[in-house]
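Working notes for the structure below.
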Amino acid sequence: MKENRVLIVEDEPKLASLLSDYLQSSGYKTETIMDGLQVIPALKQNMPSLMLLDVMLPGKDGMEICKEVRRFSEIPIIMLTARVEEIDRLLGLELGADDYICKPFSPREVVARVKAVMRRSRGGVIQTEELVLDESRNTAILKGQTLDLTVVEFQLLKLLASDPGRIFTRNQLIDRIYHDHRIVSDRTIDSHIKKLRRKISDALPGQEFIHSVYGIGYKFEQVDL
Ligand code: CA
């Protein structure tokens, strides 16, 4: 992955070039695609660092594209939508986008969001005051305690912690973590979560971070017991 390359998927040429100008003057390299059908092949050939993705596109719409991309990549995606009401729909669909921006927007706002999302996802590392995730080693430092995790445990923690308080369903966890869904059942996820929780409670007795939400799934949130 090349650092700082933003793919702009937007079929309004004026808007696309405005975004491109602002991003370039903030130090990003940009590329623009105007046809929805070209996005997936372009990503598979050369993955950018982040994608701005318009919802209404010729060929294939942004929601469909986002869903497809999440089957093979965790690239940060910021959706661009023309209507506020669409944001609710986007959120409800749980497409796995990292952020949403409503049109009309100021290009400056877009640059700020791009920077924020890049920061959050740089190198696949999440860093907050209490949690540092190191993808190259599959280790997490949670409140100063190092956890040695398996790849799956690491990915589960990373995903849950990327959005504290948000409930992820088992299917969402499976979708985002496994490339081949056929080999995974809900029970598999439960057993990985169980092991991950045990590692956390061994390292930090009396504190709980991963909570099961009955009948739905799991969330990350710190609670002192
Ligand atoms: Ca459009």
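Order of appearance sets the numbers: ligands from 1, and atoms from 1 within every ligand.
With hydrogens and angles disregarded, no donor-acceptor distance shorter than 3.5 Å links the side chain of Glu68 to the backbone of Ile65. Between the side chain of Arg5 and the main chain of Asn46, a donor-acceptor pair closer than 3.5 Å is present. In terms of modelled atom types and a separation under 3.5 Å, the side chain of Lys219 and the main chain of Val213 share no donor-acceptor contact.
For the atom pair Leu19 CG and Glu12 CD, the distance stands at 10.0 Å (nearest 0.5 Å).
With waters neither drawn nor counted, the protein N/O/S atoms under 3.0 Å from the Ca ion (ligand 1) amount to 3.
A ring-centre distance under 6.0 Å is found for Phe220 and Phe209.
The residues Lys103 and Glu10 are annotated as salt-bridged, a charged nitrogen and a carboxylate oxygen being separated by less than 4.0 angstrom.
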